[in-house]
There are 2 protein chains.
Amino acid sequence: MTTVYDVAKLANVSAMTVSRALNNPEKVSPQSLKRVQDAIQQLGYQQNQAARALVTKSTGIVKLVMPKRLGMSDPYFTALFAGIASVLSENRLAVLIEDELSSTIKYDGIILTELHDEHSYNELLKLSTPVVLFGKGQRLGEMANQLDWVDLNHFEGAYLATQHLLSLGHTAIALFKFDSNDSSLIEREQGYRKAMAEYGIDVDPNWVVSGLEDTSYAAKSQAIDVLSHSAVTGVVCTSDLLAIGVIQAARELNRKIPQQLSVVGFDGVGYDQMCDPRLTTLCQPVFWIGQRLAQLLIERIQDKTNDLPARHEIISAELVVRDSTAVK
Amino acid sequence: MTTVYDVAKLANVSAMTVSRALNNPEKVSPQSLKRVQDAIQQLGYQQNQAARALVTKSTGIVKLVMPKRLGMSDPYFTALFAGIASVLSENRLAVLIEDELSSTIKYDGIILTELHDEHSYNELLKLSTPVVLFGKGQRLGEMANQLDWVDLNHFEGAYLATQHLLSLGHTAIALFKFDSNDSSLIEREQGYRKAMAEYGIDVDPNWVVSGLEDTSYAAKSQAIDVLSHSAVTGVVCTSDLLAIGVIQAARELNRKIPQQLSVVGFDGVGYDQMCDPRLTTLCQPVFWIGQRLAQLLIERIQDKTNDLPARHEIISAELVVRDSTAVK
DNA sequence: TTGTATGCGTTATCAG
DNA sequence: CTGATAACGCATACAA
């Protein structure tokens, strides 16, 4: 293994100059710099991260805690990961994925996609490491506001989806919610209700279907029920999977989409692409969200002053109108 | 930060004994061991990986090179990753994901899910690190046989899928292949042809549709063409996405599934779950494949003798019969 | 601008 | 079975 000393010898400088050339090139004379760089080239020298970490107490590694349910092959988190990784690798940081907080591997910062409870939060504080949350971490209450986070504008998203159907002349609009004790779903329901209220429509309790598993089958069986027993002509779903289930139900009931029933999905990652007819959906910029998560973390890692305030970013989703919605 | 010296002082032993207690407990007297363990408990001591890595030249990190196209949110690779991570974390190894071979972070071993060419292979040899391939790495030719790999039995899979349709009385069976210069698709076609030959059926060239993008839309438009101009009653697809496209085409042509057309998918990860009717598919044990990849790598990392032969595992997929296939 | 001495926390070596 | 010492490769502090 070639070390700074090998490089130093070849470049006719001291090891220190090599180190500087690597970390603070501006503090080295152009001539020395050039000689060092040539030597590095020639020897194919690579910094030893372990030695560097030992003395700088930094690792070049960012830890990403993915939700446990990720194992169930979710395109959403794959896209999120891709966004995170893209920014991190630009900054020469590696991503380390684990499904729990504790581990023996050290890291410079951590991105949490799911913060279960106060217990996790306390562990987090013990680590005293830069951290960014995906989602408001609402279950932490006030504590979450002291941390950086990036979240989707769930309220606005559902509002836009509902307004889209309303503007097409629909009035009997159902909401299909999958089960989650995450506040994001509460906000989506609020967005739906806000839009309905603005159009002066009383929401029939039967229109709001909640507690669903997030699968097309769960949505399908519920949708068959709702569509058979009510005059609903539009459905807002909180995921594309649910929307696909509703479309399957409509097919079984011989309701044409979009002529007799309009359906809006939510997420726009993966599943919407394979729906027939093409799904109108609220498309989340998941890749971008991942990038922002990474960017905020990097800023915090690089912040020496330690007085960076907590930053909170709320990102908008965009309604992509395709073939599953039409005028009533 | 507490170090071995802190622990040593508290346990009334030397730092060396602490180190031994951690790495070779059997070489320490039971009394000392107990005192050290207690001290570790009490102080909440954690090994400094960087320092350890510096001297042992090991990192506790396994690198996983995912295909670049992963960014496109593919449930297949998410499942594969989950399998890999499960085994690795059991062995206190962390997973580091990157999309290219080179990086400054050191690692103990590497799992490659996509080996592009000889160039990559040469880089690999320079690293002289334990490596396991996902897939035969056929494009490396002979070289691949010197490496460990795990692959699916593509031939058998396609053979089983085709045989299933044949046993249901179908004779005009099409094959939908997505575009890939990977040998796995060649093998799948061979499996299809073998089954057809065994039933004494001549394959009509029009039945074999290749060069498709791996999307439901690509399959749909092609399928409309094929189904309109031939007497095909069964379709074997090389992915679930293609199968979904074929089903969409059938719907558009008013062909009932499975009464008028039987369709078999391939993969059984993610997309098959949301198909209507439920998709008969060749289900790959992707999670298990991931686990095997990790296991082989760990064995190679732990192998001191350095004379472990290259191991090659070929894993079978299982035909899961659901509602998209029926007797002719 | 450059170089020297020193230490980061751990384990290998070798002596006891 | 145990301990003293050196070394891993790099960067910080200080001196030149």
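Computed from a prediction, not measured in an experiment: that's the story for all the values here. Order of the sequence lines fixes the chain letters, A, B, ..., with proteins taken first and strands second; residue numbering starts at 1 for each chain.
- Put simply, the side chain of Gln47(A) reaches to within 4.5 Å of the side chain of Asn23(A), judged on heavy atoms.
- The separation between Asn48(A) atom CG and dG9(C) atom C1' is 14 Å, rounded to whole Å.
- Here the closest non-hydrogen pair linking Arg311(A) and Leu296(A) is NH2-O, 3.2 Å.
- Between Ile111(B) and Lys63(B), the closest side-chain pair of non-hydrogen atoms is not below 4.5 Å.
- In this entry the distance linking CG of Leu54(A) with P of dT6(C) reads 18 Å, nearest Å.
- With rounding to the nearest 0.5 Å, the separation of CG in Leu43(B) from CG in Asp6(B) is 6.5 Å.
- The CZ atom of Arg292(A) sits 11.5 Å away from atom CD1 of Ile289(A), with the distance rounded to the nearest 0.5 Å.
- Side-chain contact between Tyr76(B) and Val269(B): present, with at least one pair of heavy atoms (C-beta onward) separated by less than 4.5 Å.
- A side chain to side chain contact (heavy atoms under 4.5 Å, CB included) with Val150(A) is found for one member of Leu133(A), Ile314(A), Leu293(A) and no other, namely Leu293(A).
- On the nucleic acid side, DNA chain D contacts chain B at distances under 4.0 Å to non-hydrogen atoms, with the end points of that region at dC1(D) to dG9(D).
- dG9(C) atom C1' lies 14 Å from atom CD of Gln46(B), rounded to whole Å.
- Nearer the 5' end of DNA chain D, as judged by each residue's closest nucleotide, is the contact made by Val13(B), out of Val13(B) and Val55(B).
- In the region residues 5-12 of chain B, proximity to DNA chain D at under 4.0 angstrom, judged on heavy atoms, holds for none of the residues.
- Atoms CG (Leu33(A)) and C1' (dT1(C)) sit 12 Å apart, rounded to a whole Å.
- A close approach under 4.0 Å does not occur between any side-chain nitrogen or oxygen of Thr17(A) and OP1 or OP2 of dT1(C).
- Of the residues in residues 18-30 of chain B, those with a non-hydrogen atom less than 4.0 angstrom from any atom of DNA chain C are Ser19(B), Asn23(B).
- Listed candidates were dT2(C), dG9(C), dA12(C). Nearest to the side chain of Thr3(B) is dG9(C).
- Side-chain atoms of Ile84(A) and Leu64(A), non-hydrogen and from C-beta on, do get closer than 4.5 Å to each other.
- Sorted by first then second residue, the ring pair (Phe, Tyr, Trp, His ring centres under 6.0 Å) pairs that include residues 294-314 of chain A, not counting sequence neighbours, are Trp149(A)-His312(A).
- Every pair passing side-chain hydrogen bond (donor to acceptor under 3.5 Å, both in side chains) that includes a residue from residues 36-45 of chain B is listed here, sequence neighbours excluded: Lys34(B)-Asp38(B).
- Comparing Val4(A) and Ala15(B) by the nucleotide of DNA chain D that holds the closest heavy atom to each, the one mapping nearer the 5' end is Ala15(B).
- Two residues are said to be in side-chain contact when any heavy atoms from C-beta on lie closer than 4.5 Å; Pro130(A) and Ile110(A) fail this criterion.
- Val65(A) and Thr113(A) get closest at one heavy-atom pair: O-OG1, 2.7 Å.
- Side-chain contact between Val62(B) and Leu96(B) is absent, with no heavy atoms from C-beta onward closer than 4.5 Å.
- Axis deviation across the helix from dT1(C)-dA16(D) to dG16(C)-dC1(D) amounts to 30°, comparing end segments of five pairs, rounded to 10 degrees.
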